[in-house]
Amino acid sequence: MQPIIHQTVRLVAPLLALAALARAHDIPSDVTVQVLLKPEGQKLNVLVRVPLPAIRDVVFPERGPGSGYLDIKRSEPLAADASIQWVADFLGVYEGDKRLPQHPRIAGAHISLPSDRSFDSYDHAVAHISGSALPEDTTIAWNQAMFDVRFEYPIRSERSRFSIEPGLAHLGQRVVTVLRFLPPGGSVRAFEFIGDPGLVHLDPRWSQAALRFINLGFQHILDGTDHLLFLFCLVIPLRRFRALLAVVTAFTVAHSITLIASAYNFAPDVIWFPPLIETLIAISIVYMALENIVGAAAVQRRWLIAFGFGLVHGFGFSFALRQTLQFAGSHLLTSLVSFNVGVELGQLLILLVLVPALDLLFRYAVAERMGTIILSAIAAHTAWHWMLDRADRLRQYRFEWPVLTAAAILRGLMAILIVAGLVWLLRTAWFRRRAERVEDPM
């Protein structure tokens with residue numbers, strides 16, 4: 001009997017070892033990391049909570065082979081080394097422009113229950129990590145446990161400006177980091193980002209926020225296919241500087257209004273609003289392309305149409321900013337203006353390339369009228385399919401009017417008055433310039 005048992009053990013043991021090794025190398029699909037930062041005196045406390053399955057290549061002992069339940073007594077001593085290997089080595093923490101030590105002091109590291117809520121507040125999280133480990137008889141599955149650690153970085157002053165580069169995307173296939181910064185005497189600043197966001201200024205200067213949002217605006221207009229196609233339709237029949245100036249200025253002013261209004265919560269906060277705007281953007285491209293085809297692209301009409309559709313596109317820009325306004329710090333208006341500057345720089349670059357290219361095309365390849373019709377037809381065909389796809393998605397939502405409060409009605413009336421006033425000013429300026437040209441043709 002004993003030889004049979006020994007033979008069975010020799011066969012099963014490698015399989016169990018292989019299973020443990022495979023568990024150590026599995027990459028979790030979705031991981032949420034919680035980070036709390038608070039400067040206190042001459043140290044910066046950084047508290048991190050990571051799901052234990054994200055700590056790979058470290059085999060935490062189990063109560064028995066294949067049981068799936070952690071041996072708390074033997075697993076706790078591995079926590080400190082795992083926190084350096086899997087967390088601290090991938091955190092870049094800065095005081096001003098100076099990077100703090102890559103290997104900070106470990107003030108505590110524990111394995112926690114998935115039901116533990118101590119990271120809901122900084123004080124509770126500190127007390128939890130500074131406390132004792134879980135009782136040795138705690139029953140907790142390894143793939144449900146949480147891993148908590150507290151790092152202490154030496155700093156010059158708690159009033160310094162801090163930045164962090166959380167390169168934690170290696171912890172899973174999709175990693176969401178929820179970060180809260182608690183400055184001394186200030187309100188909590190919350191961040192949430194997916195993957196590695198690069199360097200995040202926790203309390204940015206206005207210049208840092210401006211540069212970041214100029215870059216975001218520039219990248220957004222170059223990546224926004226629908227915005228580019230709308231701009232293309234605007235430019236095709238109007239390639240002279242004076243004509244383009246009026247139309248592009250009207251479009252810029254309009255999308256700036258709705259972008260800023262959305263950031264200050266003037267836009268409807270209903271689930272069907274974003275798909276409605278995306279559908280209207282596609283409709284705007286179809287309309288502009290058809291207007292080009294029928295030859296109704298007069299400047300005095302087009303700048304008004306560009307202004308109207310610019311209001312729609314501004315809401316589209318605002319959707320792209322929802323997740324990035326968290327990096328504005330206390331400089332919201334500066335960041336919004338900077339984003340618009342980036343968008344305009346991108347539009348200028350596009351115009352500098354597009355206008356000469358169209359001139360060459362219409363001069364050497366195809367007649368201007370025929371080329372306008374062909375290019376506009378291609379744009380209309382593309383936008384038509386976008387419009388149908390987006391309209392199908394829009395129909396999946398149940399339409400409900402937003403709740404109208406006195407404050408919401410007042411904000412709406414203010415927005416209408418501002419838009420109407422700007423339209424009146426632009427229209428007056430246009431007719432004044434036109435009258436001056438008629439009186440003085442020279």
Side-chain angles (χ1 to χ4, degrees), residues 31-52 54-55 58 60 70 72-73 75-95 99-136 138 140 144-168 171 175-193 200-203 326:
V31 172
T32 299
V33 180
Q34 297 184 62
V35 181
L36 296 169
L37 296 95
K38 184 175 183 179
E40 294 180 301
Q42 302 298 309
K43 65 183 179 181
L44 174 66
N45 292 305
V46 180
L47 285 64
V48 184
R49 166 167 284 183
V50 179
L52 192 65
I55 309 296
V58 178
F60 290 92
L70 287 176
I72 300 297
K73 182 178 180 180
S75 295
E76 279 284 333
L78 302 176
D81 290 339
S83 67
I84 293 294
Q85 179 183 353
W86 284 91
V87 181
D89 284 350
F90 295 89
L91 281 180
V93 184
Y94 297 82
E95 182 181 14
R99 178 162 182 164
L100 300 179
Q102 187 170 0
H103 290 167
R105 175 177 175 268
I106 300 175
H110 285 315
I111 293 172
S112 302
L113 294 169
S115 58
D116 180 79
R117 308 292 296 177
S118 59
F119 265 69
D120 287 349
S121 76
Y122 174 80
D123 292 335
H124 290 164
V126 169
H128 170 71
I129 297 176
S130 302
S132 57
L134 291 173
E136 295 180 9
T138 302
I140 178 173
Q144 297 179 358
M146 308 301 290
F147 175 81
D148 302 335
V149 61
R150 176 186 176 188
F151 300 120
E152 290 183 354
Y153 292 86
I155 58 175
R156 295 189 299 272
S157 169
E158 64 181 17
R159 298 288 177 178
S160 299
R161 293 182 182 270
F162 298 97
S163 307
I164 187 170
E165 194 168 5
L168 301 175
L171 294 174
V175 178
V176 177
T177 302
V178 180
L179 185 150
R180 282 172 289 164
F181 175 57
L182 295 85
S187 58
V188 177
R189 292 179 182 160
F191 302 83
E192 181 176 323
F193 34 78
V200 177
H201 297 284
L202 302 176
D203 185 17
Q326 59 186 326

Contact summary for A109 and A80, nearest pair of heavy atoms: CB-N, 4.4 Å
Exercise: identify the closest heavy-atom pair between Q85 and V58: OE1-CG2, 4.1 Å
Taking side chain as C-beta onward, heavy atoms only, is S83 less than 4.5 Å from I106? yes
P104 side chain near V46 side chain, heavy-atom distance below 4.5 Å: no
Any L171 side-chain heavy atom under 4.5 Å of F90 side chain: no
Mind listing the side-chain donor-acceptor pairs of residues 122-130 below 3.5 Å, one per line with the distance, residues two or more places apart or on another chain?
{"unit_1": "Y122", "atom_1": "OH", "unit_2": "E40", "atom_2": "OE1", "d": "3.2"}
{"unit_1": "Y122", "atom_1": "OH", "unit_2": "N45", "atom_2": "ND2", "d": "3.0"}
{"unit_1": "H124", "atom_1": "ND1", "unit_2": "S121", "atom_2": "OG", "d": "3.1"}
{"unit_1": "H128", "atom_1": "NE2", "unit_2": "S112", "atom_2": "OG", "d": "2.7"}
{"unit_1": "H128", "atom_1": "NE2", "unit_2": "D148", "atom_2": "OD2", "d": "3.2"}
{"unit_1": "S130", "atom_1": "OG", "unit_2": "V126", "atom_2": "O", "d": "2.8"}
{"unit_1": "S130", "atom_1": "OG", "unit_2": "R150", "atom_2": "NH1", "d": "3.4"}

List the residues meeting side-chain contact (heavy atoms from CB on, under 4.5 Å) with L202, not counting sequence neighbours, and say none if there are none. L37, F162, I164, L179, F181, F191, V200
Looking only at heavy atoms, what is the nearest atom pair of L168 and V87, with distance? CD2-O, 4.3 Å
Using side-chain heavy atoms (C-beta onward) and a distance below 4.5 Å, is S163 in contact with H201? yes
Going by the rule side-chain contact (heavy atoms from CB on, under 4.5 Å), which residues pair with Q34 if we only count those two or more places apart in sequence or in a different chain? R49, F119, R180
Those residues that, when tested against R156, pass side-chain contact (heavy atoms from CB on, under 4.5 Å) (two or more places apart): E95, K98
Separation of I155 CD1 from Q42 CD (nearest 0.5 Å): 6.5 Å
Residues in salt bridge (charged side-chain N to carboxylate O under 4.0 Å, His left out) with R161, at least two apart? D203
Could you pull out the closest heavy-atom pair between M146 and P114, with the gap in Å? CG-CA, 4.0 Å
Is a donor on one side and an acceptor on the other found under 3.5 Å between the side chain of E192 and the backbone of V176? no
Nearest atoms (heavy-atom pairs only) where L91 meets P166: CD2-CA, 3.9 Å
Report yes if the side chains of L100 and F151 come closer than 4.5 Å at any heavy-atom pair, otherwise no. no
Side chain E158, main chain G41, donor-acceptor under 3.5 Å: yes
Nearest atoms (heavy-atom pairs only) where P39 meets L44: N-CD1, 3.6 Å
Is there a side-chain contact between L52 and L70 in this structure, where contact means two heavy atoms from C-beta onward sitting under 4.5 Å apart? yes
Once side-chain contact (heavy atoms from CB on, under 4.5 Å) is applied, do any residues pair with P77, and if so which ones, sequence neighbours excluded? none
Would you say the side-chain atoms of R105 pair up with the backbone N or O of P154, donor to acceptor, closer than 3.5 Å? no
Distance from D81 atom CG to L78 atom CG, nearest 0.5 Å? 7.5 Å
How long is the straight-line distance from CG of L134 back to CD1 of I111, given to the nearest 0.5 Å? 7.5 Å
